[in-house]
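Note sheet for the following structure.
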Amino acid sequence: MQRAVLELPEPYALEETLFSGQAFRWARHGRSVEGFLENQPVRVTRRGRSLTVRGRFEGDLEGAVAAYLRVSDPMGQIYRDLGKDARIRAATERWSGLHLLAQQPFETTVSFIASSASNIPKIARSIEKLCRSLGEKKTFDGRRAHAFPTASRLARADLATLRGCEFGYRARYIKSAARAVAEGQVDLDRVARMPTDRAQETLVEGLDGVGPKVAACVLLFAMGKDDAFPVDRWVQRCVSEWYFDGARVTPKRCEAWGREYFGPRAGYAQQYLFHERRGGRVRSRPASRAPSG
DNA sequence: CCACGGCCTGATTC
DNA sequence: AGAATCAGGCCGT
């Protein structure tokens with residue numbers, strides 16, 4: 001069992017970040033949050049600015065947390081760079097400390113293939129089921145934890161298993177994309193070293209179920225391509241309303257506009273606009289409906 | 001290049 | 001109550 005203590009920089013909005021919809025496997029457990037770093041189960045506890053991470057971890061745990069949470073991002077500089085108008089300034093001020101993450105590329109790819117025309121709680125459920133049925137079993141504090149399956153394991157899985165995870169029509173995309181990665185037709189480590197445009201193109205052309213939006217999410221949330229600008233319905237809507245006076249904007253134009261307007265930190269702008277538009281982090285369980293009578 | 005319908009599925013809305 | 005509609009899109013036409 002390893003243990004690492006990390007001093008969080010100011011500002012760092014830990015829960016807003018972990019539950020902002022970039023990552024799907026963190027869960028609150030009492031005062032702690034449980035999830036995975038480098039696909040190994042850990043528990044994270046925050047006391048003030050101090051972050052304690054525990055887990056049966058192979059490798060440099062402190063380095064892994066710091067890298068994952070991107071604690072060295074110069075938020076002050078980022079906010080200054082992005083502060084081009086009242087809208088984005090309001091968003092960065094309100095959600096100050098919200099960070100991008102540096103996640104595992106393959107897991108992120110599969111997760112965002114699963115995200116298409118879906119919603120966050122459902123994506124999280126599907127991913128959890130996937131890990132339970134195909135992921136390596138690990139133990140953590142006497143509890144079972146399941147790592148995210150490898151590409152080759154996923155590629156060999158039969159479609160029925162994936163359907164069982166409620167991926168719906170995305171199941172065949174996931175299997176196909178996993179095969180492309182497992183067979184080396186798409187080398188995610190190599191993609192991560194490409195310039196953003198070529199990296200995005202490579203993902204879209206090489207992986208079924210990956211279009212511009214999903215590819216941009218992988219680039220932004222797992223490959224440190226901070227100039228990527230994923231355009232989903234929320235971002236498209238708020239860009240239309242806030243920057244185009246309500247005029248309709250196609251996703252492609254919206255992406256080009258965002259990258260041009262916000263520049264090298266466009267990805268951070270997207271994250272704050274998205275968060276602002278949705279009104280904060282995702283609730284861990286869906287809101288219960290008020291009784292009708 | 002853009003527009004459109006179809007796709008699994010569960011939650012919400014009408 | 002049961003039917004549409006919508007959800008962090010993508011694919012084929």
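Below, chains carry the letters A, B, ... as their sequence lines are ordered, and counting in each starts from 1.
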Pick base, sugar-phosphate or nothing for A:R248, based on heavy-atom distances below 4.0 Å to the nucleic acid.
-> sugar-phosphate
Taking the side chain of A:S116 as heavy atoms from C-beta outward, which of C:dG8, B:dC8, C:dG9 is closest to it?
-> C:dG9
Under a 3.5 Å cutoff on both atom distances, Watson-Crick or G-U, what's the dot-bracket for DNA chain C ([ ] crossing, | other strand)?
-> .||||||.|||||
Does a donor on one side chain and an acceptor on the other come within less than 3.5 Å for A:R233 and A:Q236?
-> no
Name the nucleic acid region contacted by A:F221, choosing base, sugar-phosphate or nothing; use a 4.0 angstrom heavy-atom cut-off, strictly under.
-> base
Considering only side-chain heavy atoms of A:N119, which listed nucleotide, C:dC10, C:dG8, B:dC2, is closest?
-> C:dG8
Can we say A:D197 and A:R259 salt-bridge, meaning some charged N sits less than 4.0 Å from an Asp/Glu carboxylate O?
-> yes
When all nucleic acid strands are considered with a 4.0 Å heavy-atom cut-off, which category describes A:P212: base, sugar-phosphate, or nothing?
-> sugar-phosphate
Under-4.0 Å salt bridge between A:E15 and A:R46 = no
Sticking with atom P, work out how far B:dC2 lies from C:dG8, rounded to a whole angstrom.
-> 24 Å
Give the nucleotide from the list B:dG10, C:dG8, B:dC8 with an atom nearest to the side chain of A:E166.
-> B:dG10
Whole-Å P distance, B:dC8 and C:dG12 = 13 Å
Sticking with atom P, work out how far B:dC4 lies from C:dC6, rounded to a whole angstrom.
-> 15 Å
Show the numbers, then the answer: is there a ring pair (Phe, Tyr, Trp, His ring centres under 6.0 Å) between A:F24 and A:F112?
-> CA-CA 10 Å; A:F24 300 97; A:F112 280 90; 5.3 Å; yes
Sorted by position of nearest nucleotide on DNA chain C, 5' first, the leading residue of A:V204 and A:G21 is A:G21
Less than 4.0 Å between a side-chain N and a carboxylate O, is that true for A:R70 and A:D226?
-> yes
Just call it for A:I120: base, sugar-phosphate, or nothing, with non-hydrogen atoms closer than 4.0 Å on any strand.
-> base
